[in-house]
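We number each residue from 1, following the sequence as shown.
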Amino acid sequence: MPTAVTCRSASQRLERWAIATLLDAGAIVACEPHGWMLDRGDPQAQAAALRIARDDPPRGVSRSEAVAAIEEVLGAIGDTCPECSGEGEAEELPRFR
């Protein structure tokens, strides 16, 4: 009987790495009640995440790809939770759960 194996695409793994890096740097936080990622608007934390992307990208990923992943995730995250504020389209912002 075949075993189902779940594989994440390289882009999904890179996106998860970017989210984890931004969380570790303090550039984004999770809305506690709903789990949406929120941009803290902290330029120093964002710069720290970009520095990590340049200096220590994931194995098999170029520096420019890592930086682009950080920038892409930041561009997709707002500063308000759509469920807390009642505004925005829920599908537009990444959730972390």
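With sequence neighbours left out, the side-chain hydrogen bond (donor to acceptor under 3.5 Å, both in side chains) criterion links Glu72 to no other residue. Contacts of Asp42 classified as salt bridge (Lys or Arg N to Asp or Glu O under 4.0 Å), with partners at least two apart in sequence or in another chain: Arg40. Looking at residues two or more places apart in sequence or on another chain, you find a side chain to side chain contact (heavy atoms under 4.5 Å, CB included) between Ala69 and Leu14, Ala18. By the side chain to side chain contact (heavy atoms under 4.5 Å, CB included) test, Pro57 pairs with Arg63, Ala66, sequence neighbours left out.
Atom CD of Glu65 and atom OG of Ser11 lie 11.0 Å apart (nearest 0.5 Å). Rounded to the nearest 0.5 Å, atoms CG (Leu38) and CD1 (Ile77) are 8.0 Å apart.
Contact check for His34 versus Cys84: side-chain heavy atoms found under the 4.5 Å cut-off. With a 4.5 Å cut-off on side-chain heavy atoms, Ile70 and Trp17 count as touching.
Residue pairs meeting the side chain to side chain donor-acceptor pair (under 3.5 Å) criterion with at least one partner in residues 45-55, sequence neighbours excluded, are Asp39-Gln46.
Ala49 and Leu22 make their closest contact through CB-CD2, 3.6 Å (heavy atoms, listed as atom of the first residue, atom of the second, distance).
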